[in-house]
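Single-structure report; data block below.
Not measured: the values here are computed from a predicted model. Letters go in sequence order (proteins before strands), and every chain restarts at 1.
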Number of protein chains: 2
Amino acid sequence: MSTPLRATRQRHAVAALLAGLDDFRSAQQIHHLLREAGESVGLSTVYRTLQAMADAGDLDVLKTEDESLYRKCSTSHHHHLVCRGCNRTEEVDGPTVERWADRVAAEHGFTEISHTLEIFGTCTGCRG
Amino acid sequence: MSTPLRATRQRHAVAALLAGLDDFRSAQQIHHLLREAGESVGLSTVYRTLQAMADAGDLDVLKTEDESLYRKCSTSHHHHLVCRGCNRTEEVDGPTVERWADRVAAEHGFTEISHTLEIFGTCTGCRG
DNA sequence: TGCATTTTTGACAATGATTGTCGTCTTAGT
DNA sequence: ACTAAGACGACAATCATTGTCAAAAATGCA
């Protein structure tokens with residue numbers, strides 16, 4: 001069903017770059033980083049590759065106010081605390097929230113429950 | 001601090017329109033509806049008004065994939081339980097979650113905290 | 001290995017919601 | 001009314017993302 005993806009220099013470059021990063025980056029940032037690293041990849045290709053990887057479940061996607069950020073997928077379910085200034089991301093998990101969301105949804109008769117939760121703020125480094 | 005908003009024909013028109021609606025509409029849709037209703041308002045003004053109302057807590061904002069939707073705010077701060085099948089939305093509030101988010105963020109030294117939370121599921125009507 | 005076939009690439013244009021601009025018009029207050 | 005602070009709106013600008021499509025690369029097969 002799913003057309004197998006071909007192995008290309010560009011896709012390897014993107015995957016390799018993300019493997020060496022720990023926080024979220026935008027498609028544009030990734031494009032710049034690749035260019036600086038000598039492994040130049042077209043912007044359109046960066047976008048397509050990131051989307052394909054995200055669809056395949058290999059990437060974590062974080063949608064901020066005005067752009068999408070990507071990062072290699074970490075193992076467990078968790079949420080993010082994101083700094084508006086520098087985009088620094090802290091992972092937080094909240095069993096309390098998970099349970100609350102499931103319970104509330106169940107009470108309304110909903111099934112196949114999923115949820116999104118992001119917390120935004122300004123970190124100490126981005127303040128006076 | 002907060003500059004008091006002035007009463008204008010345009011703001012009344014937007015508020016009146018929203019008062020007669022129960023679901024979410026985009027800024028562009030609202031702009032069209034106003035035009036059809038004879039109460040024409042500039043698009044820029046619609047955007048500014050909606051944002052001002054949202055900032056003032058009079059509107060509920062729902063950010064979809066590619067645009068922002070607005071609706072009159074029924075109660076206070078709350079979140080949404082959205083059906084994947086029919087897009088029906090139920091309002092839910094969770095003081096627990098609010099407090100949890102604020103506390104977690106504060107523990108990490110973050111200020112000016114905000115958060116987004118949406119719960120997705122399949123409602124009874126959209127199942128066999 | 002050479003060739004056909006299909007996918008991918010990337011430079012560039014296009015999209016489209018939202019925001020900025022700025023001269024003109026309104027409102028609120030005296 | 002008169003004035004100063006806001007507000008309006010037509011239009012231009014922004015900007016992440018998506019579309020286009022001919023050229024390039026990858027896969028499969030003989």
Side-chain N or O of T45(B) less than 4.0 angstrom from OP1 or OP2 on dG9(D)?
yes
When rounded to the nearest 0.5 angstrom, what is the spacing between CG in L17(B) and CG in L34(B)?
5.0 Å
Nearest-nucleotide check on DNA chain C, T8(A) vs T8(B); residue mapping nearer the 5' end is T8(A)
Within this structure, what is the CG-to-P distance between L5(B) and dA5(D), rounded to whole angstrom?
18 Å
Side chain S44(A) and base dG19(D) donor-acceptor under 3.5 Å:
yes
Gap between atoms CD and P, on E67(B) and dT17(D) respectively (whole Å)
16 Å
Between dG16(C) (P) and H32(B) (NE2): distance, integer Å:
13 Å
Under 4.0 angstrom between Q10(A) side-chain N/O and dT8(C) OP1 or OP2:
no
Can you check the M53(B) CE to dA7(D) P distance for me, whole Å?
14 Å
Under 4.0 Å from OP1 or OP2 of dG6(D): is there any side-chain N or O of R11(B) that close?
no
Does the side chain of D102(A) pick up a donor-acceptor pair with the side chain of H115(A) at under 3.5 Å?
no
Does R6(A) put a side-chain nitrogen or oxygen below 4.0 Å from OP1 or OP2 of dT5(C)?
no
Determine the contact category for Q28(B): base if any of its heavy atoms lies under 4.0 Å from a base atom, sugar-phosphate if only primed atoms, P, OP1 or OP2 are that close, otherwise nothing.
base
Ignoring the backbone of Q51(A), work out which of dC8(D), dG10(C), dT17(D) is nearest its side chain.
dT17(D)
Steps toward side chain to side chain donor-acceptor pair (under 3.5 Å) verdict (T45(B), Q10(B))
CA-CA 8 Å; T45(B) 302; Q10(B) 291 86 345; over 6 Å; no
Taking 4.0 Å as the cut-off, does a side-chain nitrogen or oxygen of S68(A) come that near to OP1 or OP2 on dT17(D)?
yes
I30(A) CD1 to dG10(C) P, straight-line distance once rounded to whole Å:
15 Å
Nearest of dT27(D), dG10(C), dT17(D) to any side-chain atom of A7(A)?
dT27(D)
How about Q28(A) and Y47(A): does a side-chain donor come under 3.5 Å of a side-chain acceptor?
yes
Among dC8(D), dT17(D), dT18(C), the one nearest any side-chain atom of Y47(A) is dT17(D)
Tell me: CD of Q29(A) to C1' of dT17(D), nearest whole Å?
15 Å
Any donor-acceptor N or O pair under 3.5 Å, side chains E90(A), H78(A)
no
Within this structure, what is the CG-to-P distance between L43(A) and dT18(D), rounded to whole angstrom?
11 Å
Starting at atom CG of L50(A), determine the distance to atom P of dT9(C), rounded to an integer number of angstrom.
12 Å
Ignoring hydrogens and angles, answer whether the base of dG9(D) and the side-chain atoms of R48(B) contain a donor-acceptor pair closer than 3.5 Å.
yes
